[in-house]
Amino acid sequence: MKIALVTGATSGIGRATAVALAKQGFRIIATGRRKERLEELQQELAGITTVLPLLFDVRSKEAVQYAIASLPPEWQQIDVLVNNAGNAHGLSPFHEGSLEDWDAMLDINVKGLLYVSNAVIPLMQQQGRGHIINIGSIAGKEVYANGNVYCASKFAVDALSKAMRIDLVQTGIKVSEVNPGLVETEFSEVRFKGDKERAASVYQGYQPLQAEDVAELISFIVTRPPHVNLAEVLILPTAQASATVVNKQL
Ligand code: NDP
Ligand code: 8X3
């Protein structure tokens, strides 16, 4: 039975991906900071697969290294890594941005992805195969007003995905990048610091993607034959044409 490690499996795209991959027969290492949610997921999937909850903050390289190094031997043969943990923090003009928000986005979205990849790749190398899916964003393809540092963090994910694909090509490890547009998750609640009304308004007047739509794509990508790699996919709601063009009927 193959093993998938999904970061940010407590919510949104990560959680839906853990469920989708469980249905494909994967054992799941589900990571995040909210223990109860990881345990809930473990219970929900109990009839389908085995879930190993692994609690760590991706910002801490020590915590990441310790968590991966402490995997029981039967969980070390990771076939698929989904680097999903991340968020936007704030939506402000550059000159009004908060240093704490900037640190959070760069430390989680960029450095967290680096730390987890650094810890997991050696385990994949031992097997001579593996598949890494980095969750980028349309924000890593187009900069939009007030998106500044979040966009920069996702442009970095785009660059790193390309770089990883080049450097890992000789190892047999595939690297894919999934770039979603607007997906209705807890993303905007985090971006707007718990303002649920403002968060909900992001998804009004059109049908946004659901986390399950992105999870289904990830599930498709990781089940292609060994010689096929879907290197980069942009997935948008039908009502969205670019980072800023959305057909809203309010
Ligand atoms: P959610 O807020 O629903 O989920 C974010 C996940 O990231 C949670 O599971 C959270 O877990 C985890 N996470 C956040 N910070 C940390 C941290 N410091 N350490 C460990 N885990 C962390 O948002 P989404 O599902 O929408 O976001 C998932 C990914 O998709 C992100 O990379 C986001 O940038 C990207 N994305 C989202 C889009 C959208 O419109 N929603 C569009 C394009 C890309 P916990 O809090 O338990 O630690
Ligand atoms: C999340 C999508 O448009 O809010 O990456 O940046 S967007």
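Hydrogens, waters and symmetry mates play no part in the numbers below; they use all other heavy atoms, side chains included. Counting starts at 1 for both ligands and their atoms, following the listed order.
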Revision key, fill the gap. Value for OG (Ser137) from CZ (Phe155), rounded to nearest 0.5 Å, stands at 9.5 Å
Exercise for review: Do me a favour and list the nearest non-hydrogen protein atom to atom 46 (O) of ligand 1 with residue, atom name and distance?
Suggested key: Arg33 NH2, 2.9 Å
Practice item. Run the salt-bridge test on Asp158 and Lys154 with the 4.0 Å N-O cut-off and return the result as yes or no. Key: no
Review point. Out of curiosity, is Ala16 lining ligand 1, as in a heavy atom under 4.0 Å away?
Key: no
Revision key, fill the gap. Heavy-atom proximity to atom 29 (C) of ligand 1 ranks first, among Asn84, Asn83, Val157, for Asn84
Exercise for review: Considering only non-hydrogen protein atoms, determine which one is nearest to atom 19 (N) of ligand 1 and report residue, atom name and distance to 0.1 Å.
Suggested key: Val58 N, 3.0 Å
Exercise for review: For the residue pair Ser117 and Leu113, establish whether any side-chain heavy-atom pair is separated by less than 4.5 Å.
Suggested key: yes
Study note, to complete from the structure: The atoms of ligand 1 lying under 4.0 Å from a heavy atom of Tyr150, numbered in the order shown, are 33 (C), 34 (O), 36 (N), 44 (C)
Point to revise | Under 4.0 Å to a heavy atom of Gly12 - the qualifying atoms of ligand 1, by number | key: 3 (O), 25 (O)
Point to revise | Nearest protein heavy atom with distance in Å, relative to atom 23 (O) of ligand 1 | key: Thr185 OG1, 3.5 Å
Practice item. Measure from the side-chain N and O atoms of Ser60 to the backbone N and O of Asp57, and report whether any donor-acceptor pair falls under 3.5 Å. Key: no
Practice item. For Asn109 and ligand 1, answer yes if some heavy atom of the residue is under 4.0 Å from a ligand atom, otherwise no. Key: no
Check your understanding: Got the closest protein heavy atom to atom 25 (O) of ligand 1, with its distance?
Key -> Ile13 N, 2.8 Å
Review point. What about Phe94 and Trp102, are their ring centers closer than 6.0 Å?
Key: yes
Check your understanding: Does the N or O separation between Val183 and ligand 1 drop below 3.5 Å for any pair?
Key -> yes
Exercise for review: Name the closest protein heavy atom to atom 35 (C) of ligand 1, giving the residue it belongs to and the distance to 0.1 Å.
Suggested key: Ile135 CG2, 3.8 Å
Point to revise | Carboxylate-amine/guanidinium proximity below 4.0 Å for Glu186 and Lys193 | key: no
Practice item. Could you find the nearest protein heavy atom to atom 12 (C) of ligand 1 and give me its residue, atom name and distance? Key: Gly8 CA, 3.6 Å
Check your understanding: With a 4.0 Å cut-off, would you call Arg198 and Glu189 a salt bridge?
Key -> no
Check your understanding: What protein heavy atom sits nearest atom 2 (C) of ligand 2, and how far away is it?
Key -> Ser137 OG, 3.8 Å
Exercise for review: May I ask you to decide if Val245's main-chain N or O and Ser242's side chain share a donor-acceptor pair within less than 3.5 Å?
Suggested key: yes
Check your understanding: Short list, please: which atoms of ligand 1 are under 4.0 Å from a heavy atom of Glu186?
Key -> 2 (O), 3 (O)
Check your understanding: Does Thr7 come within less than 4.0 angstrom of ligand 1, counting non-hydrogen atoms of the residue?
Key -> no
Revision key, fill the gap. Asn87 heavy atoms within 4.0 Å reach ligand 1 at atoms 1 (P), 2 (O), 5 (C), 14 (C), 23 (O)
Exercise for review: Identify which of Ile138, Leu55, Asp57 has a heavy atom lying nearest to atom 18 (N) of ligand 1.
Suggested key: Asp57
Point to revise | Distance filter under 4.0 Å to Ala139 heavy atoms, resulting ligand 2 atoms | key: 6 (O)
**Study point:** Where ligand 1 meets Arg59 - atom numbers and elements under 4.0 angstrom, heavy-atom basis
**Key:** 18 (N)
Study note, to complete from the structure: re atom 7 (S) of ligand 2, the protein heavy-atom contact at minimum distance is Tyr144 OH, 3.5 Å
Study note, to complete from the structure: Looking only at non-hydrogen atoms, the one of Pro180, Gly86, Ala139 nearest atom 7 (O) of ligand 1 is Gly86
Exercise for review: State the atoms of ligand 2, each with its element, that fall below the 4.0 Å cut-off from a heavy-atom position in Arg191.
Suggested key: 4 (O)
Point to revise | Euclidean distance, Ile68 CD1 relative to Leu54 CG, rounded to 0.5 Å | key: 5.5 Å
Check your understanding: Got more than 12 heavy atoms from elsewhere within 6.0 Å of CD, Glu74?
Key -> yes
**Study point:** Pairwise distance CD(Glu184) to CD(Gln210) - rounded to 0.5 angstrom
**Key:** 5.0 Å
Review point. So, are Glu216 and Lys23 salt-bridged, with charged N and O less than 4.0 Å apart?
Key: no
Point to revise | Candidates Asn83, Val82, Thr17 - the one meeting side-chain contact (heavy atoms from CB on, under 4.5 Å) with Ile135 | key: Val82
Revision key, fill the gap. Rounding to 0.5 Å, atoms CG (Leu21) and CG (Asp79) come to a distance of 11.0 Å
Review point. What do you reckon, does Ile108 have a nitrogen or oxygen under 3.5 Å from a nitrogen or oxygen of ligand 1?
Key: no
Exercise for review: Starting from atom 44 (C) of ligand 1, find the nearest protein heavy-atom neighbour and note its residue, name and distance.
Suggested key: Gly136 O, 3.1 Å
**Study point:** Within-shell test, Lys154 vs ligand 1, heavy atom, strictly < 4.0 Å
**Key:** yes
Review point. Quick one: CG on Leu236 to OG1 on Thr238, what's the gap to the nearest 0.5 Å?
Key: 9.0 Å
Exercise for review: Using distance alone, decide if ligand 1 has a nitrogen or oxygen within less than 3.5 Å of any nitrogen or oxygen in Thr10.
Suggested key: yes
Review point. Would you find more than 12 non-hydrogen atoms of other residues, nucleotides or ligands less than 6.0 Å from Tyr66 atom OH?
Key: no
Point to revise | Spatial distance of atom CG (Asn118) from atom NZ (Lys61) [nearest 0.5 Å] | key: 10.5 Å
Point to revise | Selection from Pro208, Ser137, Gly181 by shortest heavy-atom distance to atom 38 (C) of ligand 1 | key: Gly181
Exercise for review: Kindly confirm or rule out an N or O of Leu182 lying under 3.5 angstrom from an N or O of ligand 1.
Suggested key: no
Review point. In the protein, what heavy atom is nearest to atom 3 (O) of ligand 1, and what distance, to one decimal place, separates them?
Key: Ser11 OG, 2.5 Å
